[in-house]
Amino acid sequence: METFDIIFYLFALITVGSACIVVFSKNIVYAAFSLLFTFFGVAGLYVLLQADFLAVTQVLVYVGGILTLLLFGVMLTNKVISVDMKTGTLHAVPAMILAAVVFGSLAGLFYATWSGVTAPASSIISTARPIGEMLMTGYALPFEVASVILLVAMIGAAFMARRPKKL
Amino acid sequence: MNIPVTPGDLLAIGPISVMFAGALVVLLAESIFRNGEAWNRWLALAGFLAAGTVAFLNTGWSGVAFGGTVATGGFANYCAIVYASAGALSVLLSTDYLRKTGIAFGEYYALLMIAVLGMMLMGAALDLVVFFLGLETMSIAFYVLAAFARSQGTSNESGLKYFLLGAFATGFLLYGIALVYGTTGTTSIPLIRDKAPSLIGTPVFTIGLALILIGLLFKIAAVPFHMWAPDVYEGAPTPVSGFMATGGKAAAFAAFLVLFRPEVLGGEKGLRDVIAVVAAASMIFGNVVAIAQSSIKRMLAYSSIAHAGYILVGVVAANATGANGVLFYLMAYTVMNIGAFGVLAMVENGAGENLHFEDYAGLSAQAPVLSLMMALFMFSLAGVPPFAGFFGKYYVFAGAIQAGYTWLAIVGVLMSVVSAYYYLRLVVMMYFTAASASPRRVGKSSAGLLALGIAVAALVYLGLFPSTIIDVTSRFF
């Protein structure tokens with residue numbers, strides 16, 4: 001067990017543990033706050049995978065943006081805080097079978113391909129620059145289309161949320 | 001990789017550029033003019049026609065743009081023509097419907113155009129990233145369109161249901177893309193195709209493909225991923241249902257043809273058999289359950305599940321005949337199903353009534369032209385020659401028999417016979433049943449009738465001269 005492994009398991013534990021709280025907590029504020037740790041843990045895993053840009057983006061977008069919005073949404077909707085959420089289970093047996101099958105096949109996949117995985121290169125290269133260059137050259141189209149997606153999402157959200165207008 | 005992007009790239013993906021520019025113009029018009037909707041319907045129609053024309057002029061050649069991430073011309077433009085015609089017909093059929101249901105907002109047309117933009121990207125994608133973004137663009141526009149009648153509970157339910165299940169399906173798709181990228185080291189579809197023969201049988205690659213398959217099967221509403229279709233199609237505004245059932249399905253099938261080429265599918269025997277079973281299950285389930293429906297909108301929803309099954313037969317065939325059949329079927333299905341939903345939208349009143357079989361009793365006496373067109377759409381959906389629906393089925397089944405999937409073709413033919421029952425039941429209702437006592441008001445919309453007339457003309461033309469399409473599509477494979 002090297003230091004690297006210990007840090008990995010630490011982040012994995014933070015991610016999985018806080019994700020469990022998100023799912024099982026009956027209090028929506030607790031759930032929202034533990035989501036913070038889930039996102040943070042995932043960002044840590046990205047760092048260990050040498051995906052530095054992704055890690056920073058994860059913190060900026062999810063922790064800084066989405067989660068703050070989510071918390072504001074929870075706090076400002078005062079009825080939500082006092083209400084216990086329903087976390088009961090429907091169709092427990094089929095769900096368990098399905099989850100077991102999916103988990104089993106993914107675990108099997110993981111062990112089948114485990115031997116082929118090589119350790120990452122030791123020299124650490126910043127990924128921000130190559131990603132930026134690719135987004136402006138080879139992947140210019142996906143980059144632009146992402147803005148179209150954001151546009152249609154904004155139009156949709158504005159349309160659904162605004163007051164009824166007179167014709 | 002250092003590929004400069006030039007204005008030529010934007011011209012090469014002409015239909016997509018036109019669609020985006022059109023959507024922006026529509027949005028601007030909505031905010032500038034007081035009655036934006038009245039302007040927008042014509043702007044949107046002009047946009048769809050322009051995109052269709054641009055696509056049509058460039059069908060002959062084919063190439064790539066944006067550093068090989070999108071295909072241009074040929075197959076991509078054929079798909080663009082299908083989607084642009086679906087969009088144009090939907091615009092014509094929507095205007096009257098939106099007004100009578102009180103949801104005549106200009107954003108409708110912008111969403112319609114962005115949805116078509118997403119579909120065109122899916123048809124043109126040569127990179128999994130582009131394909132995914134196109135699918136999401138289309139889907140987000142669909143979620144909003146399904147919930148467009150904001151004050152109606154059913155429409156909201158439809159949008160929310162589609163959104164939640166669609167997001168779930170997207171998760172599968174994305175996970176599949178990640179696994180395929182993990183095994184091949186690239187997101188470029190042609191490169192994946194090249195590497196596929198050496199990776200066939202690798203568990204990660206197969207499971208990656210299977211997860212992508214699940215995401216696509218959800219979009220086409222094939223059994224067992226069809227749960228959302230009846231509720232979503234029933235709750236959404238009628239012209240939107242018609243558009244989702246045709247354009248959305250066509251876009252997912254175009255992606256099927258691009259991703260699951262013979263090189264990939266030919267080796268993955270297991271995956272191919274799975275698709276064959278899904279196709280058979282969709283045909284059987286869709287047709288049998290459609291019989292029991294009393295609402296025509298719901299019947300058409302189940303029939304769309306069945307049609308997804310028929311078209312999947314062409315995908316399973318994984319040969320040129322099957323692929324041509326799929327492309328022909330998509331064009332024919334788009335025309336006839338938008339037509340059928342269009343008639344529904346015209347007969348429906350502002351409160352969402354007159355959607356049941358009984359409401360169509362004796363319609364032929366009251367609205368002879370409309371009834372005749374509905375009857376023709378029903379004949380074509382049932383696959384009666386000489387309409388386009390017959391040749392669509394003929395080509396996909398012929399492809400399956402060539403590929404050795406004779407049992408699948410037999411199931412398809414048997415199920416077509418079953419489907420004739422509920423399609424013709426509507427014809428019998430319209431022509432041979434006495435009208436009920438309560439008078440019903442049938443909407444009169446010249447734009448709608450024009451769209452239906454075009455659809456009927458296309459249906460008959462495609463049925464009489466199917467080779468005009470097949471000659472074009474056979475150059476793609």
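Since this is a predicted model, take the numbers as computed values, not measurements.
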Is the count of non-hydrogen atoms from other residues, nucleotides or ligands lying under 6.0 Å from [X] atom [atom1] greater than 12?
X	atom1	result
B/F33	CZ	yes
A/M96	CE	no
B/F205	CZ	yes

#### Entry: Side chain, backbone, both or neither of A/L150 within contact of chain B (heavy atoms, under 4.5 Å)
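The answer is neither part of A/L150.
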#### Entry: Residue A/I155 versus chain B: region with a heavy atom under 4.5 Å
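It is the side chain, since no backbone atom gets that close.
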#### Entry: side-chain hydrogen bond (donor to acceptor under 3.5 Å, both in side chains) partners of residues 61-74 of chain A, not counting sequence neighbours, each pair once
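Matches after skipping sequence neighbours: none remain.
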### Task
Identify the residues of residues 134-146 of chain B whose heavy atoms come closer than 4.5 Å to a heavy atom of chain A, ordered by number, or report 'none'.
B/E136, B/T137, B/I140, B/A141, B/V144
#### Entry: Neighbours of chain A found in residues 153-162 of chain B - heavy atoms under 4.5 Å
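Near chain A, by residue number: B/N156.
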### Query
Quick one: CG on B/L211 to CG on A/L106, what's the gap to the nearest 0.5 Å?
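Output value for this atom pair is 7.5 Å.
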### Task
Would you give the length of the straight line joining atom CZ of B/F148 to atom CZ of A/F159, rounded to the nearest 0.5 angstrom?
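So the gap between those two atoms works out to 3.5 Å.
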Ignoring hydrogens and angles, write down the donor-acceptor pairs under 3.5 Å from the side chains of residues 171-180 of chain B, residues two or more places apart or on other chains.
none

Mind checking whether [X] and [Y] have side chains closer than 4.5 Å, heavy atoms only?
X	Y	value
A/Y139	B/T187	yes
B/D127	A/L141	no
A/V148	B/L133	no

## Note on the structure
Interface check, chain A: of B/L117, B/I114, B/V130, B/T183, most non-hydrogen pairs under 4.5 Å belong to B/I114
### Task
Just give me the residue among B/V204, B/V129, B/V70, B/L111 that pairs up with chain A most often, heavy atom to heavy atom, under 4.5 Å.
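The answer is B/V204.
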